[in-house]
Amino acid sequence: MLKDDLIKTKSKIKYPNTNYDKIIDILIETCIFYQRKIIIRIEQDENRNSDGYISNFKEYDFSLDQHCLEKKYFTQWDEYSQNHFLSESSKERENQLKRNAKDLIKKDESIKTFHDAHSLIKYYKDINPDISKLEKISSFFSNFSAKSDYDKFALNVSKNYLMNNILSLKISMIDLKDIDNLITDYKDLQESSSINNFFPYYKICIYLKRYIEENISVEDLSLNNLSNIGIALEKLKLCFKLYKNNFKWSENHLYFAYQLPFEESIINVAINDKLSINVFNPTAFSLSINYSDYKTFLKEIESFILNFDNQIKSLKNIYFSTNKLIEKQTEIQTQLKDQEKKNLELLGIFSAIIALLFQGVNTAGSNEKIEYKLLTFIAMFIVLFSFLFMIRLFFNKEEKIEKMSNWFQMSVFILMFIILLLVYTSR
């Protein structure tokens with residue numbers, strides 16, 4: 001609507017010695033440039049519909065072909081914006097980004113502008129992922145000398161953007177124990193820069209959500225696993241709170257992911273041979289963030305936390321109940337096993353005693369001398385004790401052999417003493 005109003009205004013201006021009409025041309029071109037940025041954002045949306053819009057009783061599609069730049073003021077920014085944001089769906093755009101980045105790399109990666117830095121960040125994050133190269137780009141921002149508060153703001157926004165991209169690669173290589181340090185690092189960065197962007201916590205929330213989903217299982221009810229899942233859920237609650245607060249801040253402040261400093265945000269436009277003006281465009285090639293997608297994520301994580309909080313409590317109850325059943329089962333099995341041992345020992349003793357009685361009756365009724373009968377009885381008692389010892393050793397393997405041997409030796413010693421005493425008295 002603004003563009004149409006400007007066109008109407010231009011047709012009504014009748015000041016031949018002024019440059020109002022050319023200034024209006026610049027404003028119209030600015031409007032077209034912003035329209036094209038909106039269209040690029042719409043083309044990124046895979047769920048977009050094919051509806052267009054109506055202006056001055058004319059129907060327009062959300063198409064770059066129907067919204068062409070008439071001047072070359074913003075051509076460089078417009079071209080780069082298409083290359084950057086449409087590279088994932090266009091091989092041609094990706095190849096153009098590669099060429100731009102490789103031109104910089106040939107110059108020993110000599111970053112001179114924020115635009116150069118952005119180009120290399122895109123290259124080392126999406127096209128040729130390399131965390132170490134991304135981290136080296138931070139030296140450019142560290143050495144940048146801000147000339148105004150606006151430049152300081154642009155520096156802080158762009159440093160956060162670089163750290164966000166580093167996190168996107170790093171998050172897949174960390175362990176659960178590293179999350180606390182990661183959260184602390186980004187909280188410190190945001191406090192020092194006064195930029196409360198939500199993206200780091202968005203990525204950490206995704207990591208923790210995936211960790212819980214991949215590890216929670218009824219089949220793996222170990223205490224260690226349940227403990228790790230519980231820790232991950234508590235970290236997710238903390239991170240989600242930070243994400244929600246920073247999301248509101250970003251939305252309220254119309255936060256853009258990347259910001260050029262003041263001098264790089266200016267384009268010089270020639271009005272005539274003697275006159276030119278500087279056109280300031282604060283967003284340059286950056287697009288506004290599509291906050292609707294991240295709002296959906298807010299609801300998704302909120303529901304996830306509530307659902308899995310209950311699931312973890314249920315799994316812990318199942319775990320402890322199962323453990324109690326296993327302990328009770330083990331206790332019963334141990335008691336049955338002990339009782340079985342005792343029964344077998346008693347049966348063995350009873351059998352030995354019966355055998356001893358039968359042999360004793362035979363010996364007592366024989367015509368042998370009393371000394372022979374005594375020696376026979378003693379031998380029978382030795383066999384009985386040996387038999388009892390073997391039964392105990394067989395059914396009590398957990399007892400120490402030395403202890404059992406000492407018991408046996410003591411029994412033999414007593415029996416030998418009895419034999420010697422009997423032999424001596426018989427003389």
Side-chain angles (χ1 to χ4, degrees), residues 30 33-34 37 73-74 76-78 80-81 83-85 97 100-101 103-105 107-125 131-170 182-201 203 242 245-269 276-289:
T30 302
F33 178 52
Y34 277 110
K37 290 172 75 172
Y73 310 146
F74 306 109
Q76 183 181 2
W77 284 347
D78 179 77
Y80 182 76
S81 187
N83 291 339
H84 178 80
F85 293 102
L97 281 176
N100 293 341
D103 287 342
L104 289 172
I105 294 170
K107 301 173 185 177
D108 298 325
E109 299 182 21
S110 177
I111 303 174
K112 293 184 172 59
T113 65
F114 276 57
H115 186 284
D116 292 345
H118 190 273
S119 180
L120 288 177
I121 290 171
K122 176 68 176 178
Y123 180 75
Y124 287 126
K125 187 261 180 177
I131 290 181
S132 62
K133 294 292 180 65
L134 278 175
E135 291 173 340
K136 287 181 180 179
I137 297 175
S138 62
S139 62
F140 165 75
F141 294 118
S142 299
N143 297 327
F144 177 77
S145 180
K147 298 178 182 178
S148 64
D149 289 340
Y150 184 88
D151 286 356
K152 290 178 183 178
F153 174 73
L155 174 63
N156 288 330
V157 170
S158 300
K159 281 171 63 178
N160 273 267
Y161 176 79
L162 172 61
M163 295 306 295
N164 290 347
N165 281 270
I166 291 174
L167 176 62
S168 294
L169 295 183
K170 185 186 290 185
L182 207 58
I183 293 174
T184 300
D185 290 343
Y186 279 89
K187 284 177 70 175
D188 292 343
L189 171 66
Q190 294 183 359
E191 286 175 7
S192 63
S193 63
S194 298
I195 302 296
N196 299 326
N197 89 89
F198 62 88
F199 188 81
Y201 307 116
K203 297 297 290 187
L242 294 169
N245 292 338
N246 285 21
F247 178 83
K248 290 179 181 178
W249 181 93
S250 300
E251 191 175 31
N252 292 337
H253 287 77
L254 301 177
Y255 178 72
F256 278 72
Y258 198 78
Q259 190 78 47
L260 298 182
F262 184 77
E263 289 184 0
E264 288 189 53
S265 302
I266 290 175
I267 292 179
N268 185 264
V269 178
S276 66
I277 61 172
N278 288 327
V279 178
F280 172 71
N281 190 315
T283 60
F285 52 78
S286 295
L287 300 185
S288 60
I289 296 172

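Heavy atoms from other residues, nucleotides or ligands lying under 6.0 Å from CD of E135 number more than 12. Atom CD of E263 is surrounded by 12 or fewer heavy atoms from other residues, nucleotides or ligands within 6.0 Å.
Put simply, CG on L242 and CD on Q190 are 8.5 Å apart, with the number rounded to the nearest 0.5 Å. Atom NZ in K187 sits 12.5 Å away from atom CG in L182 (nearest 0.5 Å). A distance of 13.0 Å separates CG in L169 from NZ in K133, rounded to the nearest 0.5 Å. Note that CG of L134 is 10.5 Å distant from NZ of K170, once rounded to the nearest 0.5 Å.
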key: Full working for side chain to side chain contact (heavy atoms under 4.5 Å, CB included) between Y201 and N245   = CA-CA 10 Å; Y201 307 116; N245 292 338; over 6 Å; no

Stepwise side chain to side chain contact (heavy atoms under 4.5 Å, CB included) test for T184 and D188 = CA-CA 6 Å; T184 300; D188 292 343; 3.7 Å; yes

message = Does L97 form a side chain to side chain contact (heavy atoms under 4.5 Å, CB included) with Y123? I'd like the steps, not just the answer.
response = CA-CA 7 Å; L97 281 176; Y123 180 75; over 6 Å; no

key: Evaluation steps, side chain to side chain contact (heavy atoms under 4.5 Å, CB included), between L155 and F114   = CA-CA 9 Å; L155 174 63; F114 276 57; 4.2 Å; yes

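Defined by atom type and a distance below 3.5 Å, a donor-acceptor pair is present between the side-chain atoms of T283 and N281. Using a 3.5 Å distance cut-off with no hydrogens or angles, the side chains of E191 and N196 do not pair a donor with an acceptor.
With sequence neighbours excluded, the residues satisfying ring-ring contact (aromatic ring centres under 6.0 Å, His included) with F198 are Y243, F247, Y294. Legend: residues meeting side-chain contact (heavy atoms from CB on, under 4.5 Å) with N278, ordered by chain and number and at least two apart, are I266, N268.
A distance of 6.0 Å or more separates the ring centres of F85 and F285.
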For residues 161-168, tabulate all N or O donor-acceptor pairs below 3.5 Å that involve a side-chain atom, not counting sequence neighbours.
residue	atom	partner	partner atom	Å
Y161	OH	H118	NE2	3.3
N164	ND2	N160	O	3.3
N164	ND2	N197	OD1	3.1
N165	ND2	Y161	O	2.8
S168	OG	N164	O	3.1

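Between F140 and F144, the ring planes lie tilted relative to each other; the angle falls in the 30° to 60° range. The aromatic rings of F153 and Y150 are tilted relative to each other, their planes meeting at an angle between 30° and 60°.
The only option from F256, W249, Y255 that meets the ring-ring contact (aromatic ring centres under 6.0 Å, His included) definition with H253 turns out to be W249.
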